[in-house]
Novice: 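Okay, handing you the structure first.
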Protein chains: 4
Amino acid sequence: MSPLRPRPKQETTEKPATSPRPARGKGGKNRREDILRAAGTLMAAKGYDATSMRDISAAVGMLPGSVYYHFPSKEALFVELHNDVVQTMTARVLAALEGVDDPWERLRLSARAHLEGLIQNDNLVAIVSPQFIGGEKEVAQVVTDHRRTYEQIFRDIFEALNLPEGADPTILRLGLFGSLNWVPVWYEGDGRRSPAEISDQFVATLKSAYAA
Amino acid sequence: MSPLRPRPKQETTEKPATSPRPARGKGGKNRREDILRAAGTLMAAKGYDATSMRDISAAVGMLPGSVYYHFPSKEALFVELHNDVVQTMTARVLAALEGVDDPWERLRLSARAHLEGLIQNDNLVAIVSPQFIGGEKEVAQVVTDHRRTYEQIFRDIFEALNLPEGADPTILRLGLFGSLNWVPVWYEGDGRRSPAEISDQFVATLKSAYAA
Amino acid sequence: MSPLRPRPKQETTEKPATSPRPARGKGGKNRREDILRAAGTLMAAKGYDATSMRDISAAVGMLPGSVYYHFPSKEALFVELHNDVVQTMTARVLAALEGVDDPWERLRLSARAHLEGLIQNDNLVAIVSPQFIGGEKEVAQVVTDHRRTYEQIFRDIFEALNLPEGADPTILRLGLFGSLNWVPVWYEGDGRRSPAEISDQFVATLKSAYAA
Amino acid sequence: MSPLRPRPKQETTEKPATSPRPARGKGGKNRREDILRAAGTLMAAKGYDATSMRDISAAVGMLPGSVYYHFPSKEALFVELHNDVVQTMTARVLAALEGVDDPWERLRLSARAHLEGLIQNDNLVAIVSPQFIGGEKEVAQVVTDHRRTYEQIFRDIFEALNLPEGADPTILRLGLFGSLNWVPVWYEGDGRRSPAEISDQFVATLKSAYAA
DNA sequence: CATGAATGAGGATTCATTCAT
DNA sequence: AATGAATGAATCCTCATTCAT
């Protein structure tokens, strides 16, 4: 763990309180998902490196070794988590687009869905973030692939905007993505501005600048 | 400068021949800066957690323990590095603004200076990255303070734009920052689009949407 | 048989259709032997310590826990495996001696049978290997007992040679054993020299030196 | 650790007794050699896999992590140990041959030196042993190379014997090696037969069989 | 200024084993 | 006869850090 983000040493007192010792064959059938959820929360909060398997296992009430029954490695756990997140985000965005035809409206709604997903599930913040994993090996590729697939949705939407000459759709799309993905860095859930208002403002800027 | 430990940056000329052993044959006059530079490069590439003091010391040809002569801790090293980076960026942006009065031109040039600094010194990428503010400790606060100071320049520039009703300068500024800071995530130095072109496009969008 | 758990080796024909579920589609009738075989191969290749119950269970298509239905512990599994191996070797050597009377010919044939068994069943290599007797526990004793029983055959054969004064039968027997057991260390199944040729050479040396 | 060779749980009572806590900068300058010696003893007794870095560090009065200051990995430690052992053995054998010209006498003396080295330094037993390391990767190759170099001495000696037709020097050499290397498996330091007597007997057999 | 040697805590991972189902 | 899920202890190793020299 990084000393930059220390962790309370013995938080054993704040256990789920359901049962003092969960015995062998716990009720909930899918501990896998518990683990994924816990890992998501922790990694979003502290980063991949700063989140230890100990942390994850403790969060889900297991011993560290037990996590390895479900996932062969921390990396594999992360990859699956990342995949899940992208899956969820994809579904969310596609749902928002359902039945909407106007190109600029489609952009507005997808940006909104993206940002709301980012803010609500704090899972997602770090996930979509770059150079995320220390070892820049195969995992980085997998993660990049996941992201690319997701971004295809936005590529298509930008395509349909029929932007005027001089407006590079790729740069504008990546610029919008940057704006949105950066929001969690400064956003404070104080309610002054909702994610929806924020993303609407970003898209409004684009529309105001480039709509026919 | 660093709140933890002031550093004699320019006045090394005062006592050039005092040290009987001229250090391990390294050209650079003081190792402190070597360490900072190495730490910057490594942390930018791999992140704070994934960069060990061993890595840093090895990169500068020292033993791990020796780094502690120069910096009391990894944390302090990082804080000073971050401060340096912000200092450098500030100087770069202010230099670019010198003698320029037109508000939109000022925005264009400062955005350009920011992005070019980001891309050139790979130092800077990770520093400004969200992952570094996850924690809730003093360091996080210091880092946030550094950034806030730097961003004040941009706050002022946006103020001067006199944006129309309905255009929230804060959101637009943070949106631009997001766009710019996200560039290193996808930018590949393949020369197809220069950082300058990219930042110009972002600013052009804002201008096109909101300029009087 | 194993002192820990008797095993119905040959009488499996008695109740061929009792089990309603014919096991996971495997051909071999009982999984116990599959496990033993797999354990033998793996332990021969990697050693006792380096062979995990996971390895063994995977090799036979089971989950690790399932092995414990058949064997109470890794130790017990090994003891039984070792016993089996010695049993097999004993049978092989005795078969080779059948009907042979000449003492030197008996030595030649038994050495040949021993080495061929060693080379063919790679099972056997590691089993007879010194590394396995390092420990000071009961298992080590059991294993040593197994081996001693087997070696009795050779003790008898050497006795019958009526070696001349000055030729210590014990040392010569152990020397021959060493020569033979060491062969797997350097033998490469390239066919240049067959195990039979090798063992014949060893025995020929003894005969040439000590035969009346 | 293998359950075959369990280890007393808390033998902290049997510390060297020199000083209750060795403080920071211990007196003896080369802890490296201490580590190598300890590792040698332990690995010879229990095998590579069964000897943990904990064991080694405890034997030399260090914390496990401290060993890594001296050796980058368990494997590297083993490789160096193995190299040292071969070096020592080589020196021992060459010293024994000094000034001796008669070919059979050279064989007798080198075999004696080999076996005495094997028995005295219990280090050496396991080292010269085969399939020693679990992971049969590069290390296995290095170890094999070490051994091959050492065995060249014996190859030369056998060459000089001018064995008659039909006596394969390679097989005989490997047979002798097997006989000698197997001795530690059965030898008990009860003094009935000295290593020298044993090795002399092995060589005498060869000479009796093949000397002109 | 720096090294050499260590510490102590924690990192990911693997192990033999258990047991309810 | 075997699975699925977990345990607890041990594995190798890395980390930031210390300090006598």
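Predicted, not measured: the structure shown is a model, and the values here were computed from it. First the proteins, then the strands, lettered A, B, ... as listed; each starts at 1.
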Novice: To the nearest Å, how far apart are K74(C) NZ and dT14(E) P?
Specialist: 15 Å

Novice: Do M53(B) and Y68(B) touch side chain to side chain, with heavy atoms closer than 4.5 Å?
Specialist: yes

Novice: How many whole angstroms separate atom CG of D49(D) from atom P of dT14(E)?
Specialist: 15 Å

Novice: Between P64(A) and G65(D), which has a closest nucleotide on DNA chain E that is more 5'?
Specialist: G65(D)

Novice: For residues D49(B) and K46(A), determine if any side-chain heavy atom of one lies less than 4.5 Å from a side-chain heavy atom of the other.
Specialist: no

Novice: Let me know the distance between CG of L77(D) and P of dC12(F), rounded to the nearest Å.
Specialist: 11 Å

Novice: For M53(C) and dT17(E), give me the distance from atom CE to atom P, rounded to whole Å.
Specialist: 6 Å

Novice: For T51(B), which contact category applies under a 4.0 Å heavy-atom criterion: base, sugar-phosphate, or nothing?
Specialist: sugar-phosphate

Novice: Does dG4(E) have OP1 or OP2 under 4.0 Å away from a side-chain N or O of H70(D)?
Specialist: no

Novice: Can you tell me the pairing partner of dG8(F) across any strand shown, Watson-Crick or G-U wobble, with both distances under 3.5 angstrom?
Specialist: dC15(E)

Novice: For dA16(F), does either OP1 or OP2 sit under 4.0 Å from a side-chain N or O belonging to R54(B)?
Specialist: no

Novice: Expressed in angstrom and rounded to an integer, what is the separation of R32(A) atom CZ from dA6(F) atom P?
Specialist: 12 Å

Novice: Side chains of M43(A) and K74(A): closer than 4.5 Å at any heavy-atom pair?
Specialist: yes

Novice: For S52(D), is there any backbone N or O sitting under 3.5 Å from a side-chain donor or acceptor partner on D55(D)?
Specialist: yes

Novice: Given that both distances must come in under 3.5 Å, which nucleotide forms a Watson-Crick or G-U wobble pair with dA1(F)?
Specialist: none

Novice: More 5' along DNA chain F: L63(C) or V67(A), using each one's nearest nucleotide?
Specialist: L63(C)

Novice: Side chains of D84(B) and E33(B), heavy atoms from C-beta outward: is any pair under 4.5 Å?
Specialist: no

Novice: Measure OH/Y68(D) against P/dA9(E) and give the value in whole Å, please.
Specialist: 18 Å

Novice: What contact category does S66(A) fall into here, base, sugar-phosphate, or nothing, at under 4.0 angstrom with non-hydrogen atoms?
Specialist: base

Novice: Between R31(A) (CZ) and dT7(F) (C1'), how many Å, whole number?
Specialist: 13 Å

Novice: What integer distance in Å separates Y69(C):OH from dT21(E):P?
Specialist: 19 Å

